[in-house]
Amino acid sequence: MSQITVADAVQPIASRKTAPQQTAAQKHTRQRLLLGLGLLVVFVLSLLVGRYPASGLIAWERLMGDELAQRLVLNLRLPRLLIALLLGMSLSAAGMVFQLLFNNPLVEPGFLGVSQGAAFGAAFCIVFLGGSAGAVQGLAAISAFAGLGFSYLLARRIRYGGWVLRLVLAGIAVSALFSAGLGLLKYMADPLRQLPEITFWLLGGLASVTWQKILTTLPTILTGLLVMFLYRWRLNLLGLTEETAFSLGATPGRERLLLIVAAVLPTATLISLAGMVGWVGLIVPHIARRLFGADARFALPAAMLLGGTFTILCDDLARTLLAGEIPLGILTSFFGAMVFLGLMILQGVRAQR
Amino acid sequence: MSERLLSFIEIIFGYDRKKTPVLAGLDVSLAAGHTAAILGPNGAGKTTLLHLALGWLKPWQGDIRLAGKPIGAYPRRELGCWMALVPQGEHIPFEYSVLEYVLLGRAPHLPPLAMPAEKDYAAAFDALEMAGIAALADHSLLALSGGERQLVLVARALAQQPRLLLLDEPTAHLDLRNKSRLIGVIRDLKKQGVTILMTSHEPEVVLAVADDVLLIEQGRVVAFGALDQALTAKNLSRIYGLPVRVVPVEGRKQVLWV
């Protein structure tokens with residue numbers, strides 16, 4: 001059997017035709033560099049911005065001379081900034097992974113019972129176990145993973161539909177159960193002491209972040225981010241229908257599970273640390289796709305950079321705008337929706353069939 | 001007799017073990033370099049058969065062999081290099097460009113987690129040229145017509161450079177010009193030694209490209225053999241349940257049914 005490949009047969013055309021694509025890739029690289037640079041500038045400025053010694057940027061000379069300012073920047077602002085960065089990156093990347101894997105542009109990273117599980121765990125801890133910060137975080141993490149576990153086990157038991165549909169259904173059912181439980185806990189909570197605490201937790205915030213918390217959560221977060229990043233091109237493959245992904249040499253079941261775990265690990269860890277910071281995981285992937293196209297090879301890193309920048313900016317506002325702290329979740333939802341609407345109106349929406 | 005590339009040996013397969021099997025007693029093999037067409041009424045099990053060939057579905061009983069080796073014994077990536085599938089259609093909610101999408105066909109040729117390189121772009125472009133949609137390379141997938149999307153799926157399979165190509169009703173949404181182009185593509189692939197297994201509802205396409213035909217009805221083989229022997233008025237009338245005539249027109253066979 002002769003083995004002339006398709007490429008050999010029409011080789012001369014190839015070299016001539018690759019040129020425009022290479023420039024498109026170069027354009028993407030340039031845009032990504034810009035995004036990275038933007039993130040860096042925002043990060044450095046955010047270190048300097050705050051309410052000490054006065055509202056606004058701290059002067060460089062002041063920072064060099066003032067020991068209190070140095071400690072404040074290193075022990076309060078830097079860890080908080082790092083977590084905001086990781087939170088934005090993880091939620092955005094996980095959102096994009098989920099939207100691709102579930103072939104659904106409307107899912108967000110917490111939908112497999114993770115967000116509602118964490119909320120239930122945190123509320124349970126506040127109502128029944130006194131609600132020290134560490135305990136709330138621990139229980140939220142445990143029940144976030146329990147939510148995922150339930151969803152997964154339930155999906156395996158559902159008797160009809162493809163794998164994706166089963167997981168979506170299971171995720172919805174488990175989330176609903178946890179949210180019913182959360183409703184019950186809110187109803188039972190002491191309206192003067194516990195209910196406000198639950199409400200604040202649900203709105204999200206990074207005020208309680210310390211270096212120690214970062215160090216204990218960093219390994220899970222980075223592992224998840226790294227796996228998602230390495231899979232950025234292959235993700236496109238896993239978003240295809242299962243038999244097509246299979247025909248392209250993938251092992252859809254196993255690889256999708258790996259990516260779900262990689263997406264949920266940092267999400268659950270960060271939700272339990274920071275509360276419900278909504279809309280980042282839903283909207284940033286859309287913005288990234290609008291700027292870079294659907295190919296996750298470009299859109300996923302872009303979503304990470306955009307999500308990090310966006311969350312840092314929102315957290316800057318959360319801690320500087322008023323004397324008290326504004327819950328981060330409110331700001332991310334508000335500005336996320338505004339930016340998204342702006343992009344859609346400015347660029348025009350092409351039909352999503 | 002030429003070498004057997006793909007053999008179905010005593011296959012029994014169904015989706016639900018409590019019900020009667022979808023395919024029963026399938027025992028056919030495909031000669032290397034031949035183009036074989038599967039004909040049969042809707043729901044006869046044509047797509048199921050392609051998915052079995054792909055290794056995606058596993059038979060209850062029997063053995064599927066590719067080049068003499070059981071299909072389950074191939075590593076996933078190697079099988080992806082061996083064969084490509086052109087499905088009937090795909091639902092994609094995201095705005096991929098045609099080129100990005102066709103590039104996915106290079107996946108089995110790349111090491112795990114590698115990004116497509118320049119030579120993969122070249123192969124994807126060649127595939128687009130061959131499918132006749134190079135001009136659409138930068139278009140959004142969502143803006144294409146049904147027929148153009150079908151050609152994109154064909155191009156992706158071509159980018160995979162398979163030795164065995166599985167096509168599931170590849171001409172269903174195509175206009176006459178694109179149908180004739182696809183027939184040309186299939187003939188070109190055949191000249192390069194690619195073995196082709198396709199399903200079709202269009203006897204004229206089958207007559208134009210197939211060496212062998214497999215006629216199935218309710219999961220059972222009605223006839224399998226060379227085009228001339230198997231594609232007869234009697235067999236076609238039987239599987240479709242209506243009088244079909246096969247007549248020569250301008251020296252070529254034509255199927256009449258209305």
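Only heavy atoms go into these numbers, but all of them, side chains included; no hydrogens, no water, no symmetry mates. Proteins come first, then strands; the chains are lettered A, B, ... in the order of their sequence lines, and each starts at number 1.
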Undergrad: For Arg32(A), which residues count as a salt bridge (Lys or Arg N to Asp or Glu O under 4.0 Å) partner, sequence neighbours excluded?
TA: none

Undergrad: What option among Arg156(B), Arg77(B), Glu78(B), Met83(B) has the most heavy-atom pairs under 4.5 Å with chain A?
TA: Arg156(B)

Undergrad: Testing the basics here: between Ala294(A) and Glu100(B), what is the closest heavy-atom pair and its distance to 0.1 Å?
TA: N-OE1, 4.4 Å

Undergrad: Checking Glu148(B) now: which residues fulfil salt bridge (Lys or Arg N to Asp or Glu O under 4.0 Å) with it, not counting sequence neighbours?
TA: none

Undergrad: Hey, could you give me the OG1/CG distance between Thr244(A) and Leu104(B), rounded to the nearest 0.5 Å?
TA: 10.5 Å

Undergrad: Check step by step if side chain to side chain contact (heavy atoms under 4.5 Å, CB included) holds for Ile92(B) and Leu240(A).
TA: CA-CA 8 Å; Ile92(B) 298 297; Leu240(A) 302 171; 3.9 Å; yes

Undergrad: If you take all heavy atoms of Ala107(B) and Leu248(A), which pair is closest and at what distance?
TA: CB-O, 4.0 Å

Undergrad: What part of Ala114(B) lies closer than 4.5 angstrom to a heavy atom of chain A: side chain, backbone, both or neither?
TA: backbone

Undergrad: Let me know if Leu128(B) has heavy atoms under 4.5 Å from chain A in its side chain, its backbone, both or neither.
TA: neither

Undergrad: With a cut-off of 6.0 Å (strictly less than), are more than 12 heavy atoms of other residues, nucleotides or ligands near CE of Met338(A)?
TA: no

Undergrad: Taking all heavy atoms of Tyr96(B) and all of Leu100(A), pick out the closest pair and write down the distance.
TA: OH-CD2, 3.4 Å

Undergrad: Side chain, backbone, both or neither: which part of Ala250(A) has an atom under 4.5 Å from a heavy atom of chain B?
TA: backbone

Undergrad: Just jot down the salt bridge (Lys or Arg N to Asp or Glu O under 4.0 Å) partners of Asp168(B), sequence neighbours excluded, or say none.
TA: none

Undergrad: Report, in residue-number order, which members of residues 48-58 of chain B are under 4.5 Å from chain A by heavy-atom distance.
TA: His51(B), Leu54(B), Gly55(B), Trp56(B)

Undergrad: Starting at CZ of Arg290(A), measure out to CD of Glu95(B) and round the result to the nearest 0.5 Å.
TA: 6.0 Å

Undergrad: Is Lys69(B) atom NZ crowded by more than 12 heavy atoms from other residues, nucleotides or ligands, each under 6.0 Å away?
TA: yes

Undergrad: I need the Trp233(A) CH2 to Arg106(B) CZ distance, nearest 0.5 Å.
TA: 8.5 Å

Undergrad: Highest number of heavy-atom pairs under 4.5 Å with chain B: which of Leu230(A), Thr241(A), Asn103(A)?
TA: Asn103(A)

Undergrad: Pick one of side chain, backbone, both or neither for Tyr101(B), based on which atoms fall under 4.5 Å of a heavy atom in chain A.
TA: side chain

Undergrad: If you compare all heavy atoms of Pro93(B) against all heavy atoms of Asn104(A), which two are closest, and at what distance to 0.1 Å?
TA: CG-N, 4.5 Å

Undergrad: Between Arg234(A), Arg289(A), Glu243(A), which shows the greatest number of heavy-atom pairs under 4.5 Å with chain B?
TA: Glu243(A)

